[in-house]
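One structure is given here, and the rest of the page talks about it.
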Amino acid sequence: MITDQREMRSGEDRLDPAQVLADARRIRGAGHWRRARARLRESRTARWSQRFLAVAVLLSLLTPLLPLPSPTALDLRALPRPPVGPWVQIGGNGFRREYWELSAVDSALVDVREALFGRWQTGPYLGTDSKGRDLLSRILWGSRTSLLVALAATACSLLIGVTYGAFAGLIGGRTDRLMMRLVDVLYSLPFVFLVIFVLALLDAWLDEAGGASRELVFYALVGAVTWLTMARVVRGQVLALKNAEFVQAARAMGASTSHIVFRHLVPNLLSVVIVYLTLTIPSILLVEAFLSFLGLGIQPPRVSWGLLAADGVEAINPLHSFWWIVVWPAVAMGSTLLALNLLGDGVRDALDPRGRAADTDRPAPGPGA
Amino acid sequence: MIAFLGRRLLWLLVTTWIVVTVSFFMMRAVPGGPFDQDRSVPAGVARNLEAQYHLDWPAWRQYLQYLGPLNLDRHGLLGDRSRVFGGLLTGDLGPSFRYRDYGVNEIIAESLPISILLGLAALVWAVTLGTTAGALSAWRPGRALDVGVRLLVSVGIALPNFALAGILILVFVFAVPLAPVAGWGTLAHVWLPAVALGSPFAAYVARLTRTGLLEVLGQEYIQTARAKGLPARTILLRHGMRGALLPVVSYLGPASAGILTGSLVIERIFAIPGTGSHFVNSALNRDYTLALGVAVLYTVLVFCLNTLVDLTYAVLDPRIELEG
């Protein structure tokens with residue numbers, strides 16, 4: 001349609017300026033974001049991943065409200081119980097309010113849960129673990145921890161990476177070269193090993209400081225090691241944008257610096273950052289699970305998916321096959337990561353249909369590699 | 001090329017020095033000595049232990065002793081004149097604080113071959129399975145085989161290796177007993193951990209191979225080969241693979257680094273006495289010298305791997321210039 005009108009006009013000698021302005025107001029081109037959203041909606045895998053993740057996030061947000069058994073109440077007498085269908089055993093009374101130190105919001109939510117359901121709790125739909133704790137409840141509470149770590153650490157890496165990269169790109173010159181050289185050097189370090197070393201050192205301090213600050217340090221550390229690629233990507237984009245024709249055009253037309261930054265630089269930077277975020281979030285989830293699995297991350301009695309996987313491996317023994325303790329955490333983690341990866345692929349394709357940005361800097365699979 | 005290697009060597013030295021220095025002083029700043037967790041020992045014994053490991057020295061002297069520009073061993077400053085250099089400069093990583101009477105070097109010498117064997121097996125598995133699956137997938141894109149492989153690849157990339165290891169143990173140790181549950185010693189002990197360690201990387205290699213093959217197969221020289229009437233298999237394996245393997249080769253560096261990282265977890269799960277499990281235990285037990293030693297070792301190892309991959313890459317594709 002639009003091209004038709006242009007072609008019609010190209011035949012005319014003079015354009016009526018008023019007509020052009022009126023057209024410009026009337027015809028709204030499909031913007032970058034709208035086109036991206038349309039493309040994302042076309043992809044079936046991306047749609048299903050979105051739905052899955054929405055349900056997962058909703059469930060983990062609402063976990064304290066659900067009539068689940070306590071994730072930490074031990075029952076050491078019995079062997080692990082296999083999963084039962086809700087049609088066999090819907091649940092029963094026996095809820096005990098046993099948690100770690102919950103935040104104010106969480107304990108308020110648990111209050112509501114007690115008011116709503118009383119002592120009633122669901123049955124072991126996914127079985128119980130080797131200490132008699134309900135696996136479904138542990139997986140859901142664990143998802144809260146793991147997703148929170150992923151969000152906090154991503155925010156941390158976003159902050160450092162974008163600031164560092166944008167700064168280097170904007171200043172340019174020798175400072176830029178020096179800053180990027182530092183990134184190169186840091187790139188060559190085996191970060192997971194250094195993080196483990198630092199966590200071991202911090203252990204002594206953090207024992208004194210207590211649980212909450214320990215987790216804060218953990219988030220910050222995980223975030224601090226994942227900002228490198230973000231910095232590189234942002235810097236590259238800033239360099240490209242600084243000399244882009246449309247930015248020069250805006251400057252020539254007398255646009256103010258803040259106008260250029262917020263109208264032109266930020267939106268163009270944003271899509272690159274989002275594309276790279278879709279790679280960062282899953283890899284941070286993996287790093288958290290990896291470190292918690294080794295006993296260096298989240299500490300019991302709190303739960304995270306890495307700890308659950310460690311419980312599963314511990315429960316493997318030749319006499320009884322407690323398969324559910326191994327399989328369900330793996331399924332939860334695997335399906336979440338799969339959905340995140342697929343959604344990430346979709347977002348990348350949608351925002352960057354020519355596939356320029358992320359492919360070259362895609363991090364290796366596996367934690368921290 | 002010589003200049004490239006020289007620059008890289010310089011960077012390696014600088015990087016290692018920074019890592020060692022920062023880590024060393026962090027180590028010294030931590031409250032509590034390495035013997036605090038033991039049964040409380042009499043004050044005299046504690047003093048003797050500290051004297052044996054030179055913990056009573058000021059930090060700068062301990063640092064010089066660890067780094068070894070002057071060998072301060074035993075007799076204090078310039079005491080033992082027979083060896084001027086010692087410490088890290090001669091490759092000596094010092095004593096372990098937990099394994100009494102063992103040096104970090106001895107522990108690494110015992111455990112590193114195990115880790116290398118496991119890592120190599122995992123890498124071979126990843127490359128073999130990955131390239132095969134990728135080629136099969138690119139053979140007829142869009143067909144059932146391709147769709148199946150791509151599905152498996154997505155799952156393989158998403159599933160962390162420790163989750164995969166648990167499931168593999170359930171299947172191949174208990175359901176179909178093909179492997180011993182854990183431990184080390186015979187060849188039978190190698191394959192299951194190697195598969196668990198290598199599979200996520202195999203999935204990634206498969207994806208790279210497939211993408212590379214499809215891209216190469218669209219090139220003109222492939223059409224020429226087709227026009228000449230070469231059989232499809234020859235085109236795919238001989239002409240296609242050569243171009244498609246370049247991304248795979250460049251991925252070997254990150255893959256090896258990732259396999260090293262993954263070995264921390266896999267060695268723990270399968271109770272393999274490799275360097276990775278020593279490292280994790282040293283971190284959990286606050287055996288700082290061992291942890292620092294292994295971290296230094298891995299820094300050097302990863303650095304060399306990356307350099308090697310850059311070199312291979314330049315050899316395979318002459319258009320690439322060596323930088324950095």
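We use all heavy atoms of the structure for the numbers below, so side chains are in, but hydrogens, waters and symmetry mates are not. Chain letters run A, B, ... following the sequence lines, proteins first, then strands; residues in each count from 1.
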Do [X] and [Y] make a side-chain contact, defined as non-hydrogen atoms from C-beta onward lying under 4.5 Å apart?
X       : Y       : answer
L264(B) : I196(A) : yes
W323(A) : V171(B) : no
I157(B) : L337(A) : no

For the candidates [options], which exhibits the highest count of non-hydrogen atom pairs separated by less than 4.5 Å from chain A?
options                           : value
L164(B), V14(B), V265(B)          : V265(B)
L159(B), V302(B), L170(B), V19(B) : L170(B)
T16(B), T211(B), I169(B), T299(B) : T299(B)

Chain A contact via [X] - side chain, backbone, both or neither, heavy atoms under 4.5 Å:
X       : value
S23(B)  : both
F279(B) : side chain
L292(B) : both

Can you name the closest pair of heavy atoms from S154(B) and L338(A) and give their distance? O-CD1, 3.4 Å

Tightest non-hydrogen contact, residues A330(A) and I167(B), listed as CB-CD1, 3.9 Å

Return yes when atom CH2 of W328(A) has more than 12 non-hydrogen atoms of other residues, nucleotides or ligands closer than 6.0 Å, and no otherwise. no

Just how far is it from atom OG1 of T261(B) to atom CG of L286(A), taken to the nearest 0.5 Å? 11.5 Å

side-chain contact (heavy atoms from CB on, under 4.5 Å), that's the test. Do V280(B) and F293(A) meet it? Break it down for me. CA-CA 11 Å; V280(B) 174; F293(A) 182 91; over 6 Å; no

Would you call the rings of F290(A) and F162(B) parallel, tilted or perpendicular, where under 30° means parallel and over 60° means perpendicular? tilted

A289(A), G312(A), A315(A): which one forms the most heavy-atom pairs within less than 4.5 Å of chain B? A289(A)

